[in-house]
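Note sheet for the following structure.
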Amino acid sequence: MTHISKKESIKEYTLAQLREKERAEREAKINAILSEIADLESQMAPCAEIDLIGVQVTDKKTGDVGTIFFQNINTVKVRYETSEKTYIINKQYVARPRFEDDEEIVELFTEYAKMKDKVDSLKRELTRLQ
């Protein structure tokens, strides 16, 4: 049996308390991030349900009318009479087709993109914490 001095015993106890506090703080932060991710994903869900396939759009530059034939949430492929183009529906991209309810659709998918970026950022932070 080895003897530990009072000073060493207090030091070990203090370090153990500190480690426990850090673990509890990390766990609380992980839970907060998971909750925020779940909240954002539930807000994003309606965008994933919007079906734009078959919707006619107008190319802003040329005025050509085309039809959306592929969609991956906020990315669409449009078939025009002589070409096909891929667009990201977001305010920051001015080279996008024009919809009948353009402002509403673009605003919705712009918000979706912001939430998706936030979720991706939170997931990276979560990976770093675990």
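Cation-pi geometry between R96 and Y87 is not satisfied (NZ or CZ under 6.0 Å from the ring centre, within 45° of the ring normal). Figure legend: K85 and Y80 shown as a cation-pi pair, the cationic atom lying under 6.0 angstrom from the six-membered ring centre and within 45 degrees of its axis.
K60 NZ: more than 12 foreign heavy atoms inside a 6.0 Å radius. Counting non-hydrogen atoms of neighbouring residues, nucleotides and ligands closer than 6.0 angstrom, the CD atom of E103 reaches no more than 12 such neighbours. Around atom CD of E104, no more than 12 heavy atoms belonging to other residues, nucleotides or ligands sit under 6.0 Å away.
By the 4.5 Å heavy-atom criterion applied to side chains, V76 and T86 are not counted as neighbours. Side chains of E84 and V78 form no contact here, defined as non-hydrogen atoms less than 4.5 Å apart. Within the 4.5 Å cutoff, side-chain heavy atoms of R124 are placed close to those of S121. Here the side chains of I105 and I89 are in contact, with some heavy-atom distance below 4.5 Å. Side-chain contact check for K91 versus T110: some heavy-atom pair is nearer than 4.5 Å. Contact check for R26 versus Q130: no side-chain heavy atoms found under the 4.5 Å cut-off.
Atom CE of M115 sits about 14.0 Å away from atom CD1 of I37, to the nearest 0.5 Å. If you take CG on D117 and OH on Y112, they are separated by 9.5 Å, rounding to the nearest 0.5 Å. With rounding to the nearest 0.5 angstrom, the NZ atom of K29 is 12.5 Å from the CG atom of N31. One finds the CG atom of D120 at 4.0 Å from the NZ atom of K116 (value rounded to the nearest 0.5 Å). To the nearest 0.5 Å, the span separating CD on E22 from CG on L15 amounts to 9.5 Å. In this structure, R79 CZ and T82 OG1 are separated by 12.5 Å, a value rounded to the nearest 0.5 Å.
With sequence neighbours left out, Q71 forms a side chain to side chain donor-acceptor pair (under 3.5 Å) with no residue at all.
Under the 4.5 Å side-chain heavy-atom criterion for ILVMFWY residues, a single connected hydrophobic cluster contains both V119 and L129. Following chains of ILVMFWY side-chain contacts shorter than 4.5 Å, one can reach L122 starting from I30, so the two form part of one hydrophobic cluster. Linking Ile, Leu, Val, Met, Phe, Trp and Tyr residues whenever their side-chain heavy atoms come within less than 4.5 Å leaves I88 and I73 in two separate clusters.
The shortest heavy-atom contact between V57 and I68 is CG1-CD1, 4.0 Å. The minimum heavy-atom distance between A113 and N74, with the atom names listed, is CB-ND2, 4.1 Å.
The only member of I50, N90, T75 that meets side chain to side chain contact (heavy atoms under 4.5 Å, CB included) when paired with F109 is I50.
A salt bridge links E111 to K114: at least one charged side-chain nitrogen sits closer than 4.0 Å to a carboxylate oxygen.
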Throw together a table of side-chain donor-acceptor distances under 3.5 angstrom for residues 38-46, partners on residues two or more places apart or in other chains.
unit_1 : atom_1 : unit_2 : atom_2 : d
D39    : OD2    : Q43    : NE2    : 3.0
E41    : OE2    : K123   : NZ     : 3.4
S42    : OG     : D39    : O      : 2.8

L52 vs F99, side chain to side chain contact (heavy atoms under 4.5 Å, CB included): CA-CA, chis, key distance, verdict:
CA-CA 10 Å; L52 297 174; F99 295 85; 4.1 Å; yes

